[in-house]
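Heads up, the thing below is written out as C-alpha cells.
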Amino acid sequence: MRRAAALLFLGALVGCAAGERPVAAPSAPAPLRAGLDASPDPYPSTYRPGPSQRLAIVGATVLTGTGAEIANGTVLLADGRIEAVGAGLPVPDGYQRIDGAGRWVTPGVIDAHSHVGIWSQPDSVEAHNDVNELTEPNTAEVWAEHSVWPQDPGFDTAREAGITTLQILPGSGNLFGGRTVTLRNVPAMSVQEMKFPGAPYGLKVACGENPKRVYGGRGRSPASGMGNVAGYRRAWIDAADYRRRWDSWRASGTGDPPRRDLELETLAGVLGGEILVQNHCYRADEMAIMIDVAREFGFRIRTFHHANEAYKIAPLLAREDICVATWTNWWGYKMEVFDAIEENAALVHEAGGCAIIHSDDPTVIQHLNQEAAAALSAGRRAGLDIDEAEAIRWITANPARALGISETTGTLEPGKRADVVLWSANPFSIYARAERVWIDGASVFDRRDPGYRRHSDFLVGQPGQELRP
Amino acid sequence: MKRIACAFLFVFASTAQAQAQTAAPDPADPFPSTYQRPQSAPLAITGARILTGTGAEIANGTLLVRDGLVEAVGEGLAVPHGYQVIDARGRWVTPGIIDAHSHLGANSAPSTPLSSEANEGVAPNTAEVWVEHSVWPQDPQFRLARAGGVTTLLILPGSANLFGGRSVTLRNVPATTVQEMKFPRAPYGLKVACGENPKRTYGSRGRSPATRMGNVAGFRRGWIEAADYARRVERARTNGGEPPRRDLQLETLAGALNGEILIHNHCYRADEMAVMLDMAREFGFRIRAFHHGTEAYKLAPQLAREGVCVATWASSWGSKMEALDAVEENAPIIHQAGGCAIIHSDDATLGQRLNQEAGIALTAGRNAGINISDGEAIRWITSNPARALGIEHRVGTLEPGRMADVVLWSANPFSVYALAERVWIDGAPVWDRADPAYQRPSDFLLGQPGQEAAR
Amino acid sequence: MIARLLALLALAAAPAAAETVAVTNARLVTMGPDGTIERGTIVLRDGRIAAVGANVAAPADARVIDAGGRIVTPGLIAANTGLGLIAVRSVEAANDRAADMTGISAAFDAGDGLNPDSLLIPVARLGGITRAITTPAYDDSPGREMLFAGQAAAVALGGPMLVRRGVAMVLEMGDAGAERAGGARAAELVALRANLAEVRDYARRRAAYDRGETRDYSLSRADLEALVPVVEGRMPLLVSASRASDIRAILTLAREERLRIVLEGAAEGWRVADELVRANVPVLLTPVDNIPISFETLGATLDNARRLQAAGVLVAFQGNGNHRERELRYNAGNAVAVGLPWEQGLAAITINPARIFGLADRVGSLETGKDADLVIWDGDPLDTLGRPTAIFIRGEPQPMTSRQTLLRDRYMPSGGNQP
Amino acid sequence: MIRLLATVFLLLAALPARAETIAIVNARLLTMGPQGEIERGTVVVRDGRIAAVGANVAIPTGARVIDGNGGILTPGFIQADSTLGTVEVSQVPASADRATHHDSISAAFDISLGLNPDSILLPVARLAGITRAVVTPLYDDRGNRRLLFAGQAAVIDLGQRPDMVTRPRVAMVLEMGESGAERGGGARGAEIAALRALIDDVRHFARNLALYDRGAGRPQTLSRTDLEALIPVVEGRMPLIVRVDRAADIREAIAFARAERLRIILDGAAEGWRVADEISRAGIPVILDPMSNLPHSFAELGATMENAARLHTAGVTIILKTGSGVAHRARELRYGAGNAVAYGLPYEAALAAITINPARTFGVAERIGSIEPGKDADLVLWTGDPFEPLSQPRAILVRGVEQPLSARPLDLRDRYRSMN
C-alpha cells in the first residue's frame with residue numbers, strides 16, 4: 001500500500017512535467033519532460049493480497065522447496081507470510097486449523113514459461129493471439145503485459161492446479177520478442193492487479209528455427225543461424241552505444257539528451273543488469289554460442305528455456321549459473337527438439353545446475369507436478385538418486401530463482417510469501433490434485449467450494465459452465 | 001490532486017497565450033470557424049416538463065430564450081412581453097442532444113467506395129490528418145440527425161490506426177462549408193484506438209502493430225517523439241534559437257500532451273483502459289473520454305475517480321471478441337459510481353434516436369435496481385457529452401447564459417414514441433416536424449426519386 | 001450468489017415439464033380474432049394455449065400468475081436473422097450463417113448447424129422474441145458468385161430449436177445481387193431465368209439426370225433439388241430489393257415464373273405500394289431505415305411501413321441483426337411513433353411474420369390451440385420503457401437471465417463481485 | 001563404453017524377432033477379460049500367443065521365466081487417434097505421411113500404405129506401454145483443397161516388424177464442427193448439405209456400377225476411387241470417425257448418422273458429457289482426450305476434466321487418447337488415463353478405455369485388448385500402477401516378442417552421461 005502511494009506520487013510529479021529525478025546534482029542536466037527519460041515503473045503493480053487469516057496446516061507431509069521433507073509437518077501462516085514450518089509444531093491460539101493428515105503441502109507452483117493471457121482461450125480465435133509481434137526481428141520495445149487479458153480462462157485452470165506465480169513471455173518468432181512480466185495468479189480486472197510487486201522484468205530472446213523461419217520465409221534477415229547471431233550482435237552494439245550516450249549526457253549535464261528509444265531502453269536494461277535474459281534456445285551448440293555473445297557484451301543469461309539439449313552441456317550451464325527451464329514429454333516436432341530426452345531436468349540437477357520444469361502450454365501448466373514426476377521417474381530409471389524433496393524445487397524454488405523473486409517466494413521458509421498448495425496426495429502422483437491453494441496467505445482455491453471456480457468473465461453464461469471444472 | 005492542479009495550470013497558460021495573439025490569421029487555428037449565430041426572436045416555451053441537463057426536472061416549466069441564449073428556466077415563470085410563446089403542455093423540453101461519437105460527413109450517405117473517409121488507414125500513426133478535411137456538409141445524414149434532436153456532434157476519425165487524427169466539433173446546421181459548422185472555440189480532439197482494430201489492420205499486412213503489446217509500444221513511441229518535439233519547441237520559445245521543423249503529426253500529439261487537444265480513446269476492454277490510464281500518467285496527459293468502453297462497468301469507480309468520461313451504447317454488443325462483455329446497464333453503473341456516462345451513436349441510424357438508446361439503458365438500470373431519475377439520465381446525451389467535448393460551459397444544459405440549444409419533444413424523450421417536434425440551435429429554429437420548410441433535403445437529394453415524401 | 005446462478009443455468013439446461021399455467025387479470029393483446037381483451041385469462045396446457053378470454057376460469061391444477069392488469073402479447077418473431085448460427089460475427093469459426101462452397105448455394109439449409117446454446121438467444125429472448133426465421137447469408141469469397149444464399153428455417157428460442165425447414169429461399173437482388181451476377185442487374189435476371197429453367201427441366205427428368213442423359217446444368221444437383229419447391233410455388237422466395245424499379249422487375253419475374261415472393265428491405269416500397277398490393281406480395285422491412293445509404297435507397301423514409309400498411313400490404317418487421325435482434329420491438333415502436341397504428345406495429349412482429357412464413361397455424365397470436373408462446377410485459381411492449389416480466393415458449397417459462405445479466409450482476413456494486 | 005553400448009544395441013536390433021515360450025509369474029494380472037483381476041498369477045506365452053492365464057497355471061518346460069516380483073501385468077495399451085508410424089519430425093514435411101493434398105484423393109487415402117516400421121517414435125511410445133495404435137489420417141488443406149474426408153484409419157503394432165499393419169481400413173475419418181464447416185464452405189449447414197449429397201452420390205454409384213463402367217451415370221463430384229472407398233461406409237460396414245466437439249454438433253452428427261444409416265465413432269467430443277444420454281442411447285463410442293478442459297474454441301466452451309467420467313456413467317463406451325493425436329506425445333496416454341481416474345473415472349474403466357474398448361471399437365478384439373488365451377501376447381509388466389509417472393515398465397511383449405527397453409532418447413542420455 002505504501003509502495004502504491006509512493007508510485008502514485010511519482011506519477012504526480014511526472015504529470016507536472018517535473019521529471020522523475022527528484023534530486024538534481026549540481027552537474028546533472030535539467031529534468032526532462034514526462035516521458036523523455038526512462039521511468040522506472042510506468043505501469044506499476046497494483047496487486048494487493050487478498051484477505052488472509054492465521055492458518056495452521058497440521059499433520060501433512062511438507063516439501064519445503066529447500067530440499068527438505070517433513071513428515072507430520074505443521075505450516076503456520078500469518079499476515080500473508082510463512083510464520084513457521086516444522087514437525088509437530090504447537091498451534092498457537094487463534095489459528096484456523098486445517099487437517100493435512102494424509103495430504104502433502106508444497107510451495108505454490110511457479111511456471112517460468114507461459115503465454116496464458118496473451119494467447120488466450122479460445123485460442124482458435126485470431127483476435128486472441130497477442131503473443132508474437134511478428135513485424136520485426138527486434139521488437140524489444142513491446143511488453144507482454146500490454147497483451148495480457150486477465151479474463152483468460154487459462155488463469156483459472158492453472159490456479160486450480162496450484163500455479164500461484166507465472167512468467168508471461170512474448171513468443172519466439174523474433175530474435176528479441178519483448179519484455180516478459182511476472183504475475184501473481186489472482187483473479188483480476190487489470191494486469192496491473194496481477195503484477196508481482198518488485199519482480200524484475202525479463203527480455204525474451206529466441207535462438208534457432210523460429211526467427212529464421214519467420215523472417216527468412218519473407219526474404220528478410222535472419223534467414224539462417226548465422227543471421228540470427230548477426231542480428232543479436234547488431235542490437236547489442238546499438239544498446240551499448242545508447243547506454244554510453246545517456247551516461248555521458250547525465251555526466252556532462254549539457255546539450256541535448258539522447259532521443260529516448262524504447263527498444264534500446266529494454267536492451268540497455270539488460271546490459272545494466274536490471275532486466276533478466278530469458279532465452280528460448282533448444283540446441284546445446286546454440287546455447288554455447290549465446291553464452292559467448294553474453295560475454296562479448298557483458299551481460300548474463302538468466303535462463304535457457306526449452307533447452308532440450310541442456311543435458312549435453314549440463315556442467316557448463318551449472319558453472320555459468322544459468323537455469324534450464326524445460327519439459328519432460330515434449331519432443332520431436334521440429335529438428336531442434338529431436339534430441340530431447342525425459343531425463344533432461346534430472347541430468348541438469350545432477351550436474352549441480354538449476355533445473356526447472358516449465359509448461360509453455362495451457363494444458364501442461366495444469367500438470368506441472370506430473371511433468372516433474374515424469375522427469376523424476378526418468379531420472380530414477382537412469383539411476384539418479386533424486387528424492388521428491390529435491391525434485392519439487394524444479395517447479396517452486398528454481399523457477400523463483402530464474403524469475404529473480406526467490407527472496408520472497410518459491411520455498412516454505414519463515415518470512416516468505418505464504419504461497420502454498422495443499423495436495424490430496426503425493427504431488428508426484430498422477431492422482432494428486434491441488435485441494436487448496438493460497439497466495440500471500442489468501443485462499444484462492446478450494447476444490448470443494450464452487451465459489452472459487454469460474455472467475456473468468458468470458459465463461460459467464462456460456463454453455464457447459466454449470467459443471468465446470 | 002496536485003497533478004490535476006498542475007494540468008489545469010498548463011491549460012490556463014496555453015489559453016492565455018492563445019488569447020494574446022489577437023486577430024489576423026491565427027497559426028493555431030488555420031481553418032477557423034465561420035459559424036454565425038443566426039438572428040432569433042425572443043422565445044418562451046411554457047407548460048412543458050423540462051429536463052434541464054443539470055439533473056433537475058421541472059414540471060409545468062417555462063423556458064425563456066433571448067439573443068440565442070437561455071435567459072431563464074423555472075416553474076411557471078412569467079413571460080415578458082414580445083416573446084413568441086409556444087404552448088408545450090403535455091410535452092417535454094431538453095437541451096439539444098450532443099452525439100459524442102459520430103462519423104457523419106466523413107462516412108457519408110450514400111455509401112460508395114469513395115465516401116468512406118473516416119480512416120486514413122495507411123499508417124498506424126496519422127495524427128496529422130484532420131477529420132474536418134473529410135467532412136461533406138451535404139451528407140443527408142446531418143438533417144436526419146437534426147430531426148432526432150442532435151444539435152452538436154463530435155466527428156471523429158475511425159479506429160483503424162493507433163492515432164487516427166484530429167476530431168472536430170460541429171454545430172448541426174445546414175451549411176455549405178465545414179467551417180460554417182465548426183463549433184466556435186471548441187477544443188480539438190485526438191482519436192486514439194486500442195485493441196483489435198489497429199492490430200488487425202496492420203498485423204494482417206505484416207506491419208506493426210500486430211498485437212496489443214505492439215499497440216502500446218506504438219503509442220509510447222508516438223508520445224516520446226511528441227514530448228521531444230514539445231521540448232524543442234519550448235526551448236526555442238524560451239531560449240530563442242532555431243525551432244524544430246514543423247511536423248503536423250507531432251504538432252497534434254504535442255497539443256494533446258499539453259492538454260489543448262482532448263484525447264478521445266476508442267477502447268473496449270477494462271484491462272486495456274487500465275493500461276491506457278497508466279500510459280497517460282507516464283507521459284503526463286489526460287484521457288478525456290473512453291469511447292465504446294464496453295467493459296467500463298468493470299472499473300466504474302476507478303474511471304469516476306480519474307474523471308474520465310465513458311461514451312458507450314446500451315444495445316450494441318458481440319460483433320467482435322472485445323465487445324462480447326457488453327451489458328445494457330453500462331451507463332447506469334458508471335453513473336451510479338459517480339462517473340460521467342455518455343450514450344453515443346457511432347452510427348447514423350442510432351444517431352437519430354440517442355434519446356431512445358438512453359431510454360433502453362435507463363430502463364435496464366432501473367430493472368437492475370439502479371434508480372436514476374429522468375432528470376439525471378438526460379445528462380448522458382446532453383451535459384456529459386458536452387463535458388467530454390470540452391464545451392460544457394457553453395452548451396449541454398438549460399441554464400441561464402448557455403447557448404440556447406433546445407429540443408421540444410412530443411413525449412417523454414426516453415420513450416420510443418417521443419419525436420423531436422422542434423429543435424433550436426442558438427435560439428434559432430432548425431427543425432419543425434410540422435413545417436415542410438425544415439424538411440428540405442440536402443443538395444445531394446434534390447430532385448432524386450422519392451424526396452417529395454421521404455424523411 | 002453462485003448457487004443461484006447455477007440453479008438458473010440448470011433451469012435453462014433441463015427441459016422443465018410443461019405445467020399448466022393460467023395467466024389471469026391480464027390485458028390480452030391476442031392479435032387474433034378475439035382482438036384485445038381488456039381483462040382476461042389465458043390458460044396454457046401441454047405447451048398449447050388451452051383457453052383465452054374474459055370469462056375463462058383458471059383450472060384447478062394450474063399455477064396461477066396474476067398479471068396485475070399488465071399487457072400479455074404473443075411471443076415476438078424475429079424474421080431474417082442469424083440467431084442460432086452466429087456467436088461472434090468477426091470470428092469466422094463462430095459463424096455458420098454463410099458458406100463459401102461453390103457447389104452449395106440453394107441447398108444450404110439454415111436448419112442445419114443450429115446452436116441452441118448460442119448466447120445470443122437469451123439476449124434476444126429478453127427482448128420478447130420467442131421465434132425466429134433464421135436465414136442464410138452470402139459469403140462472397142473471391143470467385144464465388146452464387147445467386148442463392150440458401151433456405152431459411154423457422155426456429156424456436158426455447159425448447160427444441162428447429163421448428164420447420166425450408167420456409168423460404170433467400171435471394172438478394174438489387175445492387176448486391178447484380179454484383180454477384182457479373183455486375184449488372186440485367187445479367188442477374190438472365191441468370192435467374194436460366195437457373196429456373198434448369199430446375200424445371202431437372203424436376204421433369206430426374207431419372208435421365210441420374211443416367212447422365214441431361215444437358216449440363218450450371219447448378220449442382222443438390223442446388224437443383226433444393227430449388228424444385230421454389231419453381232413449383234411451394235416455397236416462397238425471400239427477395240431482397242430496395243429500389244422501386246427493382247421491386248417492379250421482381251414482380252414481373254414472379255408473375256411470369258409463377259413464383260411466390262416475399263419482399264425484403266423494400267426501402268422504396270412505399271413508392272410501388274399499390275403494385276405490391278395487387279401482386280399480393282408481403283414485405284419484410286426495417287422501419288428505422290431512412291438513410292440514403294446507397295443509390296438504391298435514396299427514397300428511404302421512416303414513413304415506409306405506415307404507407308405500405310395503409311395501402312393494404314402485409315408488412316412484417318425485422319430487428320437490427322443478430323446481436324441487436326432485441327431491438328425488434330423498438331423498431332416497431334418507432335414505426336408507431338411516426339404514424340403506424342399500434343396494433344399494426346405489434347402485428348408486424350407477431351402474426352404478420354407468422355402468416356408470411358406459413359407458421360400462423362402454430363404461432364403469432366393468442367388463440368386456443370396454438371403454441372403457448374407469450375410474453376407478459378411491465379409496460380408497453382413496443383416502448384423502451386417497458387420490459388418483459390415473464391416469457392413462455394410452448395408453455396415453458398423461460399429464464400429471465402442472459403450472459404449479460406450475469407455479467408452485470410457480477411460487477412454491480414451490490415452483486416457478488418469476486419469469489 | 002560407448003562402443004560396447006552401441007554394439008549391444010545393434011545386436012539387439014538386428015536379432016530376428018523370435019517368438020519364444022515365456023512364462024510371466026508372480027504378477028498381479030489386470031486381464032481386462034473374463035478372468036478379471038488375478039491377484040497373483042501366471043501368463044504363458046507361446047508362438048506369439050497367450051497360451052494360458054491363471055492363478056495356478058503350470059510353467060511349461062523350456063519356458064523362459066520372467067519373475068513379476070509382485071508387479072502389475074496389463075494388456076498392451078492401444079493409442080487411438082494417432083499418427084505413429086507416419087511421422088518423424090512434424091514440421092519437416094518430407095518426414096510426414098499423415099495427410100495428402102492430392103486434389104482427387106480424400107476418402108481413398110489409406111494410411112496403412114507407406115508406414116515406417118523403423119520410426120524412432122515407436123520405441124518411445126512402447127516404453128509407455130503402448131503396443132498398438134489406431135493410425136488416423138489428418139487433413140492437408142493447402143491451396144483450395146476442400147475435400148471433406150481425410151481418409152481411412154488402420155490398426156498397427158509397435159513391435160517394429162516389417163509387416164506392422166494389424167488391420168487396414170478400420171474406419172473412415174471425417175471432421176465436422178468448426179473445421180469441417182470451414183472445409184464444407186464456411187458453415188456447418190453447408191457441410192451437412194454437401195455430405196448428404198455425397199452420400200447419395202455414393203449410393204447411386206454403388207447401385208449403378210455397370211452404368212458407370214459404360215461411362216454413363218450421374219455426374220460425380222468425387223473421384224471414382226473416393227466413391228469406391230466410401231461404399232463400405234454408406235453400407236454401414238465401415239465406421240465413420242466423426243471429429244466434433246460442440247454439443248449441438250454432436251447432436252447433428254447423431255441425427256445425420258441415423259438419417260443416413262451410418263455407423264459412427266465420435267472423436268473429440270469435448271462437450272460430449274452434455275449430451276451423454278443421447279450418445280449412450282445411440283450406442284456410439286467416443287474417443288476423447290481426458291486432459292482437454294480448455295475452451296480452445298467456441299465449440300469447446302464446455303470442456304471439462306470430468307468428460308470421461310460423465311460419459312462412462314451414462315453408459316457410453318469411451319476410448320482415451322492424449323496429445324490430440326500428436327504422435328510424439330503418445331507416451332502421455334497412461335498419464336491421461338490416470339488423470340481421468342483422478343477426476344472420477346473408475347480405474348477399471350480407464351484401463352478398458354486404453355485396451356479392450358479401442359480393440360472392440362476397431363474390430364480387433366479377437367486379437368488384442370485383453371489377456372486371454374488365444375489372443376496376441378501384447379503384455380506389459382509394470383513396477384507399479386501403470387498410470388503413475390513414478391512407475392516404469394519392466395518388460396514389454398508385442399506378439400509374444402519381448403521388446404528392448406530402449407529408445408533413441410535413452411541412448412542419447414547414456415552417451416552424454418558418460419561424456420559429462
Side-chain angles (χ1 to χ4, degrees), chain B residues 109-112 140-141 144 147 196 200 295 297-301 315-321 323-330 333 336-337 348-350 352-353 355-360 362-364 367-370 410-412 414-419 444-445 448-451 453-455, chain C residues 86-91 119-120 123 243-245 267-268 270-271 286 288-304 307 320 322-324 326-327 329-334 336-338 378-380 382-387 403-405 407-414:
Chain B
S111 168
T112 68
Q141 299 174 122
L144 298 177
E196 291 182 24
R200 191 179 56 239
E295 293 189 3
Y297 66 93
K298 297 185 183 180
L299 74 168
S315 290
S316 193
W317 71 289
S319 62
K320 46 186 173 173
M321 290 307 295
L324 196 61
D325 279 7
V327 302
E328 284 177 292
E329 298 83 356
N330 202 21
I333 292 174
Q336 190 185 33
T349 299
L350 180 57
Q352 301 176 47
R353 45 190 69 82
N355 56 315
Q356 294 178 21
E357 189 78 357
I360 294 166
L362 176 63
T363 309
N367 193 51
I370 304 172
S410 63
N412 177 347
F414 297 108
S415 163
V416 78
Y417 304 120
L419 297 172
F444 169 71
L445 290 173
Q448 301 266 29
Q451 288 314 309
R455 61 179 189 190
Chain C
I86 278 194
V88 180
R89 196 167 59 221
S90 64
V91 178
L119 53 87
L120 279 74
V123 173
R243 201 168 76 179
S245 62
E268 295 189 346
W270 60 276
R271 300 182 60 218
T286 308
V288 293
D289 278 351
N290 66 338
I291 295 175
I293 197 67
S294 69
F295 279 85
E296 58 185 356
T297 61
L298 293 178
T301 167
L302 291 179
D303 230 11
N304 197 16
R307 287 166 183 265
N320 295 337
N322 306 330
H323 295 83
R324 296 177 58 191
R326 62 184 167 195
E327 297 163 44
R329 62 195 184 96
Y330 307 140
N331 282 358
N334 275 289
V336 172
V338 293
D378 68 4
D380 181 340
L382 306 188
D383 199 350
T384 46
L385 304 174
R387 289 178 81 91
R403 180 170 184 275
Q404 298 184 341
T405 65
L407 273 173
R408 173 198 73 198
D409 292 345
R410 176 182 269 212
Y411 283 92
M412 285 274 281
S414 51

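Lettering follows sequence order; numbering is per chain, from 1.
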Heavy-atom pair of closest approach, residues C:Ala337 and B:Val416: CB-O, 3.6 Å
Minimum heavy-atom distance B:Pro110-C:Ser294, with the two atoms named: CB-CA, 3.5 Å
Heavy-atom closest pair, residues C:His323 and B:Trp317: O-NE1, 2.7 Å
Interchain contact, B:Ile370 with chain C, by part (heavy-atom threshold 4.5 Å): side chain
B:Glu357 portion near chain C, given a 4.5 angstrom heavy-atom threshold: neither
Segment of C:Arg408 engaging chain B (4.5 angstrom heavy-atom cut-off): both
Residue among C:Asp289, C:Thr297, C:Asp378, C:Leu119 with most heavy-atom pairs under 4.5 Å to chain B: C:Leu119
Structural part of B:Leu419 lying under 4.5 Å from a heavy atom of chain C: side chain
Residue B:Asn330 versus chain C: region with a heavy atom under 4.5 Å: neither
Inter-residue atom distance C:Tyr411.OH - B:Ile333.CD1, 0.5 Å rounding: 11.0 Å
Residue list, side-chain hydrogen bond (donor to acceptor under 3.5 Å, both in side chains) with B:Gln141, at least two apart or on another chain: B:Asp139
For B:Asp325, salt bridge (charged side-chain N to carboxylate O under 4.0 Å, His left out) partners two or more places apart: B:Lys298, C:Arg403
Point-to-point distance, once rounded to the nearest 0.5 Å, from CG of C:Asn320 to CG of B:Leu350: 9.0 Å
Pick from B:Leu299, B:Leu324, B:Thr112 with the largest number of heavy-atom pairs that fall under 4.5 Å of chain C: B:Leu324
Atom of C:Gln404, atom of B:Val327 and distance for their closest heavy-atom approach: O-CG1, 3.4 Å
Check ion pair B:Arg353-C:Glu327 (N to O, under 4.0 angstrom): no
Where C:Asp383 and B:Phe414 come nearest, the two heavy atoms and their spacing: OD1-O, 4.3 Å
For chain C, the option from B:Gly369, B:Ala326, B:Ser410, B:Ala411 that forms the most heavy-atom pairs under 4.5 Å: B:Ala326
Side-chain (C:Thr384) to main-chain (B:Gln356) donor-acceptor, under 3.5 angstrom: no
Distance in Å, B:Thr349 OG1 paired with C:Ile293 CD1, rounded so as to fall on 0.5 Å steps: 7.5 Å
Residue selection (most heavy-atom pairs with chain C, distance under 4.5 Å) from B:Ser415, B:Ala418, B:Ser316: B:Ser415
Inter-residue atom distance B:Phe444.CZ - C:Leu298.CG, 0.5 Å rounding: 5.0 Å
Residue C:Asn304 versus chain B: region with a heavy atom under 4.5 Å: neither
Between B:Ala300, B:Ala337, B:Ala358, B:Ala364, the one whose heavy-atom pairs under 4.5 Å with chain C are most numerous: B:Ala364
Full working for side chain to side chain contact (heavy atoms under 4.5 Å, CB included) between C:Val288 and B:Gln352: CA-CA 9 Å; C:Val288 293; B:Gln352 301 176 47; over 6 Å; no
